[in-house]
Enquirer: 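Would you mind keeping the following structure in view while I ask a few things?
Quick caveat: nothing in here was measured; it's all calculated off a predicted structure. Heads up: numbering here begins at 1 and tracks the sequence.
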Amino acid sequence: FLLATCARMILLPYQLLEWPISVDDPIIFVCDLLRDMVLGYFCSILGSFAIERTVATHFWNWYELASPSTLLVLIGAELACMVPLSIGGALCFMSFVSIASNVVVYSIMFTMCTWVFLRTYCTNVAILAKMESGAVVGSYFVAKRFQVRENVLVMKYMLHIAIIPGCLAIPAFGCFMF
């Protein structure tokens, strides 16, 4: 986020003083790409987290082993969000895609990621409620109960944390569109 803030500071004089922007300028390209990627990352961070928690829920036995391959889940979830953002930002900068369509894509991404996060959270809450009521959910293991409880607690914590960036993203979208 520090790099994106610095990139934004470099871009401000070009926007406010209407300095000419060249597509061939690598510094402007990198700054514009970073700005777009950070805004997109704010929109997709809940989805990235939900992917990781979904894997932890459904493949808890493997996930609890904490083998080095579990790191691939985190890397894959982040790449699933960052690669499309990088491509979209580059296409927008090179004027292949309009800024308005980029905002629409980010809005759709935010909506989908929020829905996936809430669905994953509700699934974990339902599984935990069944386990605590004494119902047998598949094969019962203490490790599974621990994983589901951890998912619920971490996701509840993330919901509280996500409110602040969500409120900050609203003005960012407004500034980004114009």
Side-chain angles (χ1 to χ4, degrees), residues 1-4 33-89 91-92 97 101-174 176-177:
F1 293 113
L2 179 63
L3 287 175
L33 188 62
L34 278 172
R35 182 194 63 181
D36 284 354
M37 285 179 63
V38 167
L39 182 60
Y41 190 73
F42 265 122
C43 295
S44 65
I45 195 164
L46 283 178
S48 174
F49 189 73
I51 291 169
E52 188 265 336
R53 290 286 102 186
T54 300
V55 171
T57 301
H58 296 291
F59 303 103
W60 62 271
N61 198 13
W62 164 75
Y63 196 84
E64 280 293 313
L65 295 175
S67 65
S69 62
T70 56
L71 183 59
L72 294 175
V73 173
L74 181 61
I75 292 170
E78 291 296 317
L79 285 177
C81 294
M82 295 307 290
V83 169
L85 296 174
S86 302
I87 293 169
L91 290 174
C92 185
V97 177
S101 62
N102 216 12
V103 169
V104 169
V105 168
Y106 287 165
S107 299
I108 292 169
M109 183 185 306
F110 177 73
T111 304
M112 288 175 48
C113 289
T114 303
W115 181 82
V116 169
F117 181 86
L118 292 174
R119 177 136 168 74
T120 304
Y121 176 72
C122 291
T123 300
N124 278 283
V125 167
I127 291 171
L128 185 61
K130 284 181 184 177
M131 288 178 154
E132 288 180 348
S133 71
V136 177
V137 181
S139 299
Y140 180 80
F141 294 100
V142 174
K144 182 175 183 176
R145 184 177 181 156
F146 175 77
Q147 183 62 56
V148 172
R149 184 177 302 180
E150 177 186 351
N151 288 349
V152 170
L153 291 175
V154 169
M155 292 182 89
K156 190 181 293 185
Y157 182 68
M158 277 295 291
L159 279 173
H160 294 306
I161 290 175
I163 291 170
I164 294 170
C167 292
L168 293 175
I170 292 170
F173 262 112
F176 183 70
M177 290 176 77

Enquirer: Is the shortest side-chain heavy-atom distance between Y121 and M158 below 4.5 Å?
Expert: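 A side-chain contact is absent here, since even the closest heavy-atom pair is not under 4.5 Å.
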Enquirer: How long is the span from the CG atom in L46 to the CD1 atom in I51, to the nearest 0.5 Å?
Expert: 11.5 Å
Enquirer: Quick one: pull up OG1 in T114 and CD1 in I45 and give me the separation to the nearest 0.5 Å.
Expert: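 Rounded to the nearest 0.5 Å, the OG1-CD1 separation comes out at 11.5 Å.
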Enquirer: Nearest heavy-atom pair of S44 and C113: which atoms, and what distance?
Expert: CA-SG, 3.7 Å
Enquirer: Considering all heavy atoms of both residues, which atom of Q147 and which atom of A56 are nearest to each other, and what is their separation?
Expert: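 Q147 and A56 have their closest heavy atoms at CG-O, 3.3 Å.
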Enquirer: How long is the span from the CG atom in L118 to the OG1 atom in T123, to the nearest 0.5 Å?
Expert: 10.5 Å
Enquirer: Under the criterion side chain to side chain contact (heavy atoms under 4.5 Å, CB included), which of L153, V154, V152 is the partner of N124?
Expert: V152
Enquirer: Taking C-beta and beyond as the side chain, do E52 and F49 meet within less than 4.5 Å on heavy atoms?
Expert: yes
Enquirer: Please round to the nearest 0.5 Å and tell me the distance separating atom CD of E150 and atom CZ of R53.
Expert: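 Reported to 0.5 Å precision, the distance equals 5.0 Å.
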